[in-house]
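Note that the coordinates shown come from a computational prediction; the quantities given were computed from them, not determined experimentally. Whatever order the structure lists ligands and atoms in, that order sets their numbers, starting from 1.
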Amino acid sequence: MKLRNSAERYGLVAIVLHWAIAVLAFGQIGLGLTMMRVESQRLAFDLIQWHKSTGFLIFGLFALRLAWRLANPLPRQPASLRPWERRLAAVVHRLLYALFLALPFSGWTLVSASVLGIPTLVFGLFLLPHLPVEISEPNENFWRFVHHLLAYAAIALIAGHALAALRHHFILRDETLKRMLHPVRRTKP
Ligand code: HEM
């Protein structure tokens, strides 16, 4: 089983990290949107605690992914891609990397600036310290605005990224999505 990336394909570690983060990010966005809209304050509180914990889990996995990405070659883009598609894909991937770092950080800053001072107990296991930021309503509101803005940017980019992958698979019928699914090229019998 190929664990590391090669010049042509992603290895198993990059594939597992990609899909684990994708599933968690999907759930995290759903959780974020739901917790803001439920009537019950008790339920909203519990969902926010889950949202904070999952956010840190995504952050941890993302840091691993980034380290793995730096320690491995990046597989070449399929030759069928036009120059503008290569450039657009590179820009979207970089923006996604930036967002996955900035989103947990802005959420952490938001709860650290909150005048409510609610502690963050990650999955009920350990207490995460708050960041040393000014605790005030204007600062909390500023970071709330930033976190919401980044969340909507992530929703738009993830949708674009997923649609592009589906276009490659079902319309262009190239290897783009397949190489993020299997570490080894499947040959037809
Ligand atoms: C990849 C990570 C994250 C994603 C994708 C994400 C996404 C979201 C989304 C979609 C919302 C709802 C926005 C709306 O309805 O307008 C939200 C709200 C919120 N998030 Fe996150 N989030 C992430 C990480 C975090 C982290 C690490 C924390 C805290 C430690 C956090 C704390 C919050 C809080 C407190 C709110 C509610 C804000 C309010 O009171 O208006 N988030 N997030």
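- Here L128 has no heavy atoms under 4.0 Å from ligand 1, in either its backbone or its side chain.
- Of all protein heavy atoms, the one closest to atom 38 (C) of ligand 1 is H148 NE2, 3.5 Å.
- Counting only N and O atoms by type, the side chains of S6 and E8 include no donor and acceptor under 3.5 Å apart.
- Scanning all heavy atoms of the two residues, the minimum distance from V133 to S112 falls at CG2-CB, 3.7 Å.
- Given atom 33 (C) of ligand 1, the protein heavy atom at minimum distance is H51 CD2, 3.4 Å.
- Listed by number with element, the atoms of ligand 1 under 4.0 angstrom from any heavy atom of F56 are 30 (C).
- Shortest contact from atom 37 (C) of ligand 1 to any protein heavy atom: M36 SD, 3.5 Å.
- Residue contacts with ligand 1 include L103, since one or more of its heavy atoms lies under 4.0 Å from the ligand.
- A salt bridge between R167 and E85 is present, with a side-chain N of the basic residue lying under 4.0 Å from a carboxylate O of the acidic one.
- Against a heavy-atom cut-off of under 4.0 Å, L33 is close to the following atoms of ligand 1: 15 (O).
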- Test ring pair (Phe, Tyr, Trp, His ring centres under 6.0 Å) applied to F59 and W108, step by step: CA-CA 11 Å; F59 184 67; W108 192 8; 7.4 Å; no

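- Annotation for ligand 1: atoms under 4.0 Å from non-hydrogen atoms of L110 are 34 (C), 35 (C), 38 (C).
- Within the 4.0 Å heavy-atom criterion, neither part of F59 lies near ligand 1.
- Distance from atom 10 (C) of ligand 1 to its nearest protein heavy atom, with residue and atom name: A151 CB, 3.6 Å.
- With ligand atoms numbered from 1 in the order given, ligand 1 contributes 15 (O) to contacts under 4.0 Å with heavy atoms of R37.
- The residue from K52, R144, H147 that puts a heavy atom closest to atom 39 (C) of ligand 1 is R144.
- Contact record, N5 with A14: OD1-CB, 3.5 Å, taken as the closest heavy-atom pair.
- Assignment of F62 to the shell around ligand 1 is not supported, since no heavy atom sits closer than 4.0 Å.
- The protein non-hydrogen atom at the shortest distance from atom 11 (C) of ligand 1 is G32 CA, 3.7 Å.
- Contact atoms of ligand 1 toward W108: 29 (C), 30 (C) (distance under 4.0 Å to a heavy atom of the residue).
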